Amino acid sequence: MSSLTPIGIFDSGYGGLTVMREIVCKLPRYDYIYLGDNARAPYGPRSFETVYRYTLQCVKWFFDQGCPLVVLACNTASAKALRTIQQNDLAKIDPQKRVLGVIRPTTEVIGNFSDSKNIGILATSGTVSSNSYVIEIEKFFPEVKVFQQACPMWVPLVENEEYDTHGADFFVKKYINQLLDQSPVIDTILLACTHYPLLHDKIREFTPADIKILSQGEIVSNSLADYLQRHSEIERKLSRGASHHFYTTDSTEDFDRHAANFYGAEIRSSHVDLDVQKV
Ligand code: DGL
């Protein structure tokens with residue numbers, strides 16, 4: 001274990017890098033480590049039990065690296081694993097540690113972006129079937145109607161670097177139309193998957209200009225800054241060396257080649273083999 005006590009940022013693969021980029025920009029002083037569970041991605045189509053098991057294993061890995069705080073920068077993991085980890089596992093592993101997700105901070109503010117109070121959610125099948133966005137938005141904005149559309153082809157398009165090609169047009173149009181067909185007055189669409197910001201320009205192209213398209217990075221980074229201000233007992237534990245370390249459970253060559261698209265800067269990652277970690 002190193003002497004660093006960094007903020008841990010987790011995703012099933014590359015997508016969380018779009019969130020980490022914004023967090024580092026907002027909170028540059030801290031040390032960060034990122035883990036992409038690329039060897040077992042995508043999480044989107046997997047069962048609750050599997051996503052929970054994989055995510056918990058990764059969270060324990062972050063704790064072993066000294067992280068006092070882990071952000072699940074993955075909607076699917078936030079939807080399917082976060083609550084159980086917070087309510088059942090943390091008390092047993094280490095009650096002083098914290099794990100946060102991306103759904104709660106988004107649903108706390110999203111209603112403020114919509115005038116028509118009709119909001120569309122584009123996400124993985126797993127996030128949509130969990131109904132997490134519908135349930136959480138109802139708590140903060142009961143007047144808002146939420147419409148969801150699963151976009152199972154979008155993560156593969158992004159991961160295969162087809163996000164800005166004509167080949168992507170069919171599936172981008174298809175899911176946007178399926179969402180907008182559910183309500184003629186949707187005025188705000190949330191990209192509720194960390195991969196989707198790479199498709200932003202395509203999504204914009206096929207969405208009426210008066211509809212807002214929101215990505216989560218800025219919302220999550222603002223929320224984390226606010227959380228650290230309110231929780232000085234956690235903030236005090238974080239080391240401040242402005243270092244960034246990146247880990248993947250799969251090939252580092254692949255990770256480094258793809259990651260720059262998500263992070264906006266070149267990355268040199270290290271491999272971690274979770275199978276040899278104690279679970
Ligand atoms: N990063 C995941 C999310 O935000 C999507 C990728 C996956 O399916 O693993 O939901």
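Computed from a predicted model, the values in this text were never measured in an experiment. Start at 1 and go down the list; that is how both ligands and their atoms are numbered. Only heavy atoms go into these numbers, but all of them, side chains included; no hydrogens, no water, no symmetry mates.
- Taking atom 10 (O) of ligand 1 as the reference point, the nearest protein heavy-atom neighbour is T76 OG1, 2.7 Å.
- Counting heavy atoms from C-beta on, the side chains of T124 and P42 never come closer than 4.5 Å.
- Of the protein's heavy atoms, C193 SG, 3.3 Å lies nearest to atom 5 (C) of ligand 1.
- Side-chain rings of Y263 and F246 approach one another, their centers coming within less than 6.0 Å.
- Against a heavy-atom cut-off of under 4.0 Å, P42 is close to the following atoms of ligand 1: 7 (C), 8 (O), 9 (O).
- Nearest non-hydrogen protein atom to atom 3 (C) of ligand 1 is N75 N, 3.4 Å.
- Contacts with ligand 1 closer than 4.0 Å are made by side-chain heavy atoms of D11 only, the backbone lying farther away.
- Relative ring orientation between Y247 and H245 is described as tilted, the plane-to-plane angle lying within the 30° to 60° band.
- Taking the six-membered ring where the residue is Trp, the centroids of Y43 and Y54 are separated by under 6.0 Å.
- Less than 4.0 angstrom separates some heavy atom of G44 from each of these atoms of ligand 1: 7 (C), 8 (O), 9 (O).
- Protein heavy atom in closest approach to atom 2 (C) of ligand 1: C74 SG, 3.4 Å.
- Residue contact check: Y43 has heavy atoms under 4.0 Å from atoms 7 (C), 8 (O), 9 (O) of ligand 1.
- Heavy-atom neighbours of E233 CD from other residues, nucleotides or ligands within 6.0 Å: above the threshold of 12.
- Taking a 4.0 Å cut-off on heavy atoms, S12 registers as neighbouring ligand 1.
- Contacts with ligand 1 closer than 4.0 Å are made by side-chain heavy atoms of T124 only, the backbone lying farther away.
- A heavy-atom distance below 4.5 Å is not found between the side chains of C74 and T55.
- Exactly one residue among N177, I203, D201, T207 makes a side-chain contact (heavy atoms from CB on, under 4.5 Å) with V172. That residue is I203.
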